[in-house]
Peer 1: 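Handing you a structure now.
Below, chain A is the first sequence line, B the second, and so on; all start at residue 1.
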Amino acid sequence: MIEDKTTQASEKEHLNFIHQIIEDDLNTQKNGNRVHTRFPPEPNGYLHIGHAKSICINFGTAQKYNGKCNLRFDDTNPVKEDTEYVDSIMEDVRWLGFDWDGLYYASDYFENLYKFAEKLIQKGKAYVCELSQEEMSLQRGTVTKAGVESPYRNRSIEENLDLFRRMRAGEFADGSRVLRAKIDMAHPNMLMRDPILYRIIHAGHHRTGNKWCIYPMYDFAHGQSDSIEKITHSICTLEFEVHRPLYEWFIKELEIFAPQQIEFARLNLNYTVMSKRKLLRLVQEKRVFGWDDPRMPTICGLRRRGYTPESIRRFAEMIGVARRDNVIDIGLLEFCIREDLNKITNRVMTVLNPVKLVIDNYPENEVEYLEAGNNPENPEAGSRKVPFTKELYIEREDFMENPPNKFFRLKPGGEVRLKYAYIIQCESVVKDESGEITEIHCTYQPDTKSGLPNSNKKVKGTLHWVSAKHNIPVEVRLYDRLFSAENPEEVEDGHDFTENLNPESLKISTAFAEPSVKDSKPGDKFQFERMGYFCTDKDSTSERLIFNRTCTLKDTWAKIAEK
RNA sequence: UGUCCGAUGGUGUAAUGGCAGCACAAAUGGUUUUGGUCCAUUUAGUCUAGGUUCGAGUCCUGGUCGGACAACCA
């Protein structure tokens, strides 16, 4: 029976288009039985949820076909890159649950790439150009008009070789010369109009220091790096699609191993900015507390917020892989984290906005320690004892003096259960001079205690509570979307995406938690009854407990109340 | 007024010429010591016009709409 089910499941398994290409290649033995992918970030920023998709595709595909996956840093532009980013990228990839087979840097290949460039010069396929940036831009033409050829295009091989070697030797100033491929200035693909291969940058590189003053462009580095590592399938995002003819041109002219570039549509999320440049701006302008601000879509931000690697991998699996543009609803990511957290987190009672509840017929100094199950989804999670006393705090919003019909919680004369404890009935309320309720007085029914035979009595509502004496004040940080616009990057001309920032994206307040949270360590995750999933912040200490709200629970009551 | 790519429910993704399926969202009902969770049910889709074929979401042609490309960024 069970076997049948699993067989059916594997038969029904849908292959995405990348898997299909790979299976075709495996069937034709294009690369033997080899599948080798790579994840190639530029170390110029922190990884975000969009990279997570790419990581899951590259590492996941390799795993699926018993292949290998490299981590390669595309570090060909020294002015933007830094080891801070290298370190964070390695940490984030590992945290997501992946490990690389080879760890490489494009800068490992600077010497190889230099030799490739000389080879191209010797074949008459590359030349040193002295046009200024502006001139070159003008001569490139437009998408509808052919470009014109550079006056330096037909220099002799010897002259080109000499000039290129002197470029490397540091004889020339930044921007004075570049090495270009000699392809076709009238090519309909702008990238094929004599693209730049090398530019002069007199700047220290985070790994090669001052060894080089000429650096290869992305196009001249990426495909060749793939080739050197014998990558079989070079999976990247759609914006590199127009680069593929150039990628293949270099491989062909250089007569080296030919990986296959395959493009997929990058991840877009509504209410989310994913551009590295813009995220960097948010950090630099201190709109957020840093790259790992829990509101950021970065991997480290999500981690601090309380997301689990499992939930992110599950998300990547659910959104799939295709070539059409997409905008995923952020609700799907929230579904994934709720699904995971619901299974693994222990429940804890925490009152966010307290109002005092007094049980008039409960003994004055009595303290009962009530048995509370940690996780109804997982009986093995065990239980804890929660102190119960005459005076409690409950959520202010759990009591309504003039409730609508479908209000299940506490109201004058009404009955509710206090979770793990007794059924109580509301007798009266005390108000201050401004009319605000300061105390709710109730009576309890001793025989309805949880676990007792008579505890089966049905009531509509169940409330969480903490003892007014035995509780721990903690700091809770409630997050909302960083941007209030569905497409935050879409702004009118002359306006800026930061105008779409949500001023209400972070609220900090004090809450009263049951004593069991006292020993929580940074990274610990809980479900605070009805208030959502929370994660102990990295700055939390035993003197000052801080909790980040990962996400709320699905709140159906809000919808009912609207009607 | 170029080249390339894409178009399947509200969203995302399958169906490789043969019953348009899955997930999220939405709606309804059931269970429930929190209105959460869990379970069941329902709503809803092949951009368009032709063609090939016994049969087209799939192949061909035209159109429409959307995206990418003119950095010494990746």
Side-chain angles (χ1 to χ4, degrees), chain A residues 12-17 20 40-42 44 74-77 79-81 106 129 132-133 136-138 140-147 174-180 187-191 193 195-201 215 217-219 221-222 236 238-245 263 265 270 276-277 317-329 331-336 338-339 342-343 347 349 372-373 376-377 395 398 406-409 416-421 423 450-451 455-456 458-464 527 529-530 532 552-561:
Chain A
K12 274 192 172 178
E13 184 195 9
H14 302 305
L15 297 180
N16 67 44
F17 79 101
Q20 284 168 18
E42 183 189 13
N44 68 341
D74 234 334
D75 54 352
T76 56
N77 185 2
V79 301
K80 286 187 168 184
E81 297 150 8
C129 183
S132 72
Q133 207 167 142
M136 210 180 291
S137 170
L138 249 35
R140 194 164 5 240
T142 69
V143 287
T144 54
K145 219 177 77 191
D174 286 9
S176 62
R177 279 166 184 78
V178 291
L179 184 72
R180 299 176 74 179
H187 202 286
N189 182 341
M190 300 288 295
L191 285 164
R193 319 245 261 230
I196 293 169
L197 272 37
Y198 268 92
R199 74 285 213 195
I200 301 170
I201 305 173
Y215 291 91
M217 298 289 289
Y218 163 84
D219 285 304
H222 201 97
C236 60
L238 232 32
E239 64 263 31
F240 294 101
E241 190 176 16
V242 286
H243 294 247
R244 190 177 352 119
E263 310 88 11
N270 56 14
K276 259 195 208 176
R277 222 191 81 250
E317 193 183 301
M318 283 180 75
I319 60 178
V321 185
R323 282 171 64 82
R324 80 181 89 138
D325 295 326
N326 61 78
V327 183
I328 308 284
D329 193 319
L332 187 61
L333 181 62
E334 287 165 358
F335 167 80
C336 290
R338 283 194 193 105
E339 186 185 42
N342 178 49
K343 280 185 295 201
R347 273 54 170 173
M349 295 194 289
E377 308 298 320
E395 214 65 61
D398 282 348
K406 288 196 162 180
F407 186 76
F408 293 173
R409 289 170 260 173
V416 292
R417 173 172 291 282
L418 293 174
K419 181 107 178 167
Y420 310 122
I423 292 175
S450 260
S455 69
N456 291 335
K458 297 277 182 257
V459 285
K460 274 278 191 182
T462 302
L463 307 187
H464 58 278
Q527 184 189 121
E529 295 282 358
R530 194 181 265 128
T552 57
L553 262 29
K554 217 169 141 184
D555 186 5
T556 336
W557 162 245
K559 276 178 209 156
I560 295 167

Peer 1: Just by distance, do the side chain of Asp74(A) and the backbone of Tyr218(A) share a donor-acceptor pair under 3.5 Å?
Peer 2: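 No; zero donor-acceptor contacts below 3.5 Å.
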Peer 1: Report the distance from atom CZ of Arg530(A) to atom CG of Leu553(A), rounding to the nearest 0.5 Å.
Peer 2: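 Rounded to the nearest 0.5 Å, the CZ-CG separation comes to 9.0 Å.
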Peer 1: So, the side chain of Arg199(A) versus the backbone of Asp174(A): is there a donor-acceptor pair under 3.5 Å, distance only?
Peer 2: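 Checked: no pair found.
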Peer 1: If I pick the P atom on rU11(B) and the same atom on rU46(B), what distance separates them, to the nearest angstrom?
Peer 2: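 My reading of the P atoms in rU46(B) and rU11(B) gives 13 Å.
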Peer 1: Closer than 3.5 angstrom, by distance alone: can the side chain of Arg193(A) be matched with the main-chain N or O of Thr142(A) as a donor-acceptor pair?
Peer 2: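 Looks like yes, one N/O pair under 3.5 Å.
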Peer 1: Can you tell me, in whole Å, how much space there is between the C1' of rG18(B) and that of rC69(B)?
Peer 2: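 About 40 Å, rounded to a whole number of Å.
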Peer 1: For the pair Asn270(A) and Asp329(A), evaluate side-chain contact (heavy atoms from CB on, under 4.5 Å) and give the outcome as yes or no after the intermediate values.
Peer 2: CA-CA 6 Å; Asn270(A) 56 14; Asp329(A) 193 319; 3.8 Å; yes
Peer 1: Need one value for Phe408(A): base, sugar-phosphate or nothing, where a base atom within 4.0 Å counts as base even if backbone is also close, heavy atoms only.
Peer 2: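 Touches a base.
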Peer 1: Using atom CG of Leu15(A) as one end and atom P of rU13(B) as the other, report the distance to the nearest whole Å.
Peer 2: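 Spelled out: CG on Leu15(A) to P on rU13(B) is 16 Å.
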Peer 1: How many angstroms lie between atom CG of Leu238(A) and atom CG of Asp325(A), to the nearest 0.5 angstrom?
Peer 2: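 If we round to the nearest 0.5 Å, Leu238(A):CG and Asp325(A):CG are 6.5 Å apart.
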Peer 1: Sequence neighbours excluded, which residues qualify as side chain to side chain contact (heavy atoms under 4.5 Å, CB included) partners of Ser137(A)?
Peer 2: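 Only Arg140(A) meet the side chain to side chain contact (heavy atoms under 4.5 Å, CB included) criterion with Ser137(A).
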Peer 1: Whole Å only: how far is the NZ atom of Lys460(A) from the C1' atom of rU32(B)?
Peer 2: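 Computing the Lys460(A):NZ to rU32(B):C1' distance gives 12 Å.
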Peer 1: Look at the side chain of Arg324(A) and the backbone N and O of Ala265(A), then say whether any donor-acceptor pair between them is shorter than 3.5 Å.
Peer 2: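 Answer holds: no.
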Peer 1: Nearest whole Å is fine: how far is rU32(B) P from Lys419(A) NZ?
Peer 2: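 It is 13 Å, rounded to the nearest whole Å.
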Peer 1: Supply the atom-to-atom distance His464(A) NE2 to Glu395(A) CD, rounded to the nearest 0.5 angstrom.
Peer 2: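 Answer rounded to 0.5 Å: 4.0 Å.
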Peer 1: List the protein contact pattern of nucleotides 37-46 of chain B with one symbol per nucleotide (5' to 3'): B for base contact, S for sugar-phosphate-only contact, - for none; contact means a heavy-atom distance under 4.0 Å.
Peer 2: S---------
Peer 1: Let me know, please, whether Gln527(A) or Gly320(A) comes out on the 5' side of the other along RNA chain B by nearest nucleotide.
Peer 2: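 Of the two residues, Gly320(A) wins.
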Peer 1: What stems, by residue range, does RNA chain B take part in, given at least 3 consecutive Watson-Crick or G-U pairs under 3.5 Å?
Peer 2: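 Paired runs of 3+ in RNA chain B: B:2-7 with B:64-69, B:10-13 with B:21-24, B:26-30 with B:38-42, B:47-51 with B:59-63.
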Peer 1: Can you measure Ile560(A) atom CD1 to rU28(B) atom C1' for me and round it to whole angstrom units?
Peer 2: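 Roughly 13 Å, once rounded to whole Å.
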Peer 1: Can you tell me the distance, in whole Å, between the CG atom of Leu333(A) and the C1' atom of rG12(B)?
Peer 2: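 Value for this atom pair: 14 Å.
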Peer 1: Counting side-chain heavy atoms from CB outward, which of rG12(B), rC5(B), rU1(B) is closest to Ile319(A)?
Peer 2: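 Between rG12(B), rC5(B), rU1(B), the one nearest the side chain of Ile319(A) would be rG12(B).
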Peer 1: Within the structure shown, what part of the strands sits under 4.0 Å from Val459(A) by heavy-atom distance: base, sugar-phosphate, or nothing?
Peer 2: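 It contacts nothing in the nucleic acid.
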Peer 1: Can you check whether Lys559(A) has a side-chain N or O nearer than 4.0 Å to OP1 or OP2 of rA26(B)?
Peer 2: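 Yes, within the criterion.
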Peer 1: Could you tell me how far rG55(B) sits from rU31(B) if I compare only their C1' atoms? Round to whole Å.
Peer 2: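 Those two atoms are separated by 47 Å.
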Peer 1: Who passes side chain to side chain contact (heavy atoms under 4.5 Å, CB included) against Ser450(A), sequence neighbours left out?
Peer 2: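 Ser450(A) satisfies side chain to side chain contact (heavy atoms under 4.5 Å, CB included) with Arg417(A) once adjacent residues are dropped.
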Peer 1: How many whole angstroms separate atom CE of Met318(A) from atom C1' of rU13(B)?
Peer 2: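 Whole-Å distance recorded here is 10 Å.
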Peer 1: Tell me, do Asn189(A) and Val242(A) make a side-chain contact under 4.5 Å, heavy atoms counted?
Peer 2: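 The answer is yes; the side chains approach within 4.5 Å.
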Peer 1: Measuring from atom OG1 of Thr462(A) to atom CD1 of Ile423(A), what distance do you get when rounded to the nearest 0.5 angstrom?
Peer 2: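 Going from the OG1 atom of Thr462(A) to the CD1 atom of Ile423(A) covers 8.5 Å.
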Peer 1: Quantified in whole Å, what is the C1' atom distance between nucleotide rA23(B) and nucleotide rU8(B)?
Peer 2: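 Rounded to whole Å, the distance is 15 Å.
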Peer 1: Using the P atom on both, measure rG12(B) against rU53(B) and round to a whole Å.
Peer 2: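 Approximately 36 Å lies between the P atom of rG12(B) and that of rU53(B).
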Peer 1: Show your reasoning for whether side-chain contact (heavy atoms from CB on, under 4.5 Å) applies to Glu241(A) and Arg244(A).
Peer 2: CA-CA 5 Å; Glu241(A) 190 176 16; Arg244(A) 190 177 352 119; 3.9 Å; yes
Peer 1: Would you give a per-nucleotide map of nucleotides 68-74 of chain B, 5' to 3', where B means the base has a protein non-hydrogen atom under 4.0 Å away, S means only the sugar-phosphate does, and - means neither?
Peer 2: -BBSBBB
Peer 1: Arg244(A) near the nucleic acid: base, sugar-phosphate alone, or nothing, with a heavy-atom cut-off under 4.0 Å?
Peer 2: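 It contacts nothing in the nucleic acid.
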Peer 1: Rounded to the nearest 0.5 Å, what's the gap from CD on Glu377(A) to CG on Asn342(A)? Could you check?
Peer 2: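 Reported value, rounded in 0.5 Å steps: 4.0 Å.
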Peer 1: Could you walk me through whether Asn77(A) and Tyr215(A) pass side-chain contact (heavy atoms from CB on, under 4.5 Å), step by step?
Peer 2: CA-CA 7 Å; Asn77(A) 185 2; Tyr215(A) 291 91; over 6 Å; no
Peer 1: Write down the distance separating the P atoms in rG66(B) and rA71(B), rounded off to the nearest Å.
Peer 2: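 Nearest-Å result for rG66(B) against rA71(B) at atom P: 24 Å.
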Peer 1: Can you tell me how far P of rA14(B) sits from CG of Asn16(A), to the nearest Å?
Peer 2: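 Atom-to-atom, Asn16(A) to rA14(B), this comes out as 7 Å.
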Peer 1: Take atom C1' in rU37(B) and the same atom in rG30(B), then report the distance between them in whole Å.
Peer 2: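 Going atom to atom, C1' in each nucleotide, I get 14 Å.
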Peer 1: P atom, rU64(B) versus rU1(B): distance in rounded Å?
Peer 2: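 About 13 Å, rounded to a whole number of Å.
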Peer 1: Any N or O donor-acceptor pair under 3.5 Å from the base of rU1(B) to the side chain of Thr144(A)?
Peer 2: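 By the distance-only test, no, there is no pair.
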Peer 1: Once you round it to whole Å, what is the distance between P of rA23(B) and CD of Glu317(A)?
Peer 2: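 Answer to the nearest Å: 13 Å.
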Peer 1: What contact category does Arg323(A) fall into here, base, sugar-phosphate, or nothing, at under 4.0 angstrom with non-hydrogen atoms?
Peer 2: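 Sugar-phosphate only.
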Peer 1: Atom pairs under 3.5 Å, N or O on each side, protein against nucleotides 7-11 of chain B: can you list them with distances?
Peer 2:
residue : atom : partner   : partner atom : Å
rU8(B)  : OP2  : Arg324(A) : NH1          : 2.9
rU8(B)  : O4   : Arg324(A) : NH2          : 3.2
rU11(B) : O3'  : Val327(A) : O            : 3.4
rU11(B) : O2'  : Val327(A) : O            : 3.3

Peer 1: Which distance, rounded to the nearest 0.5 Å, do you find between the CH2 of Trp557(A) and the CZ of Arg409(A)?
Peer 2: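 Answer rounded to 0.5 Å: 6.5 Å.
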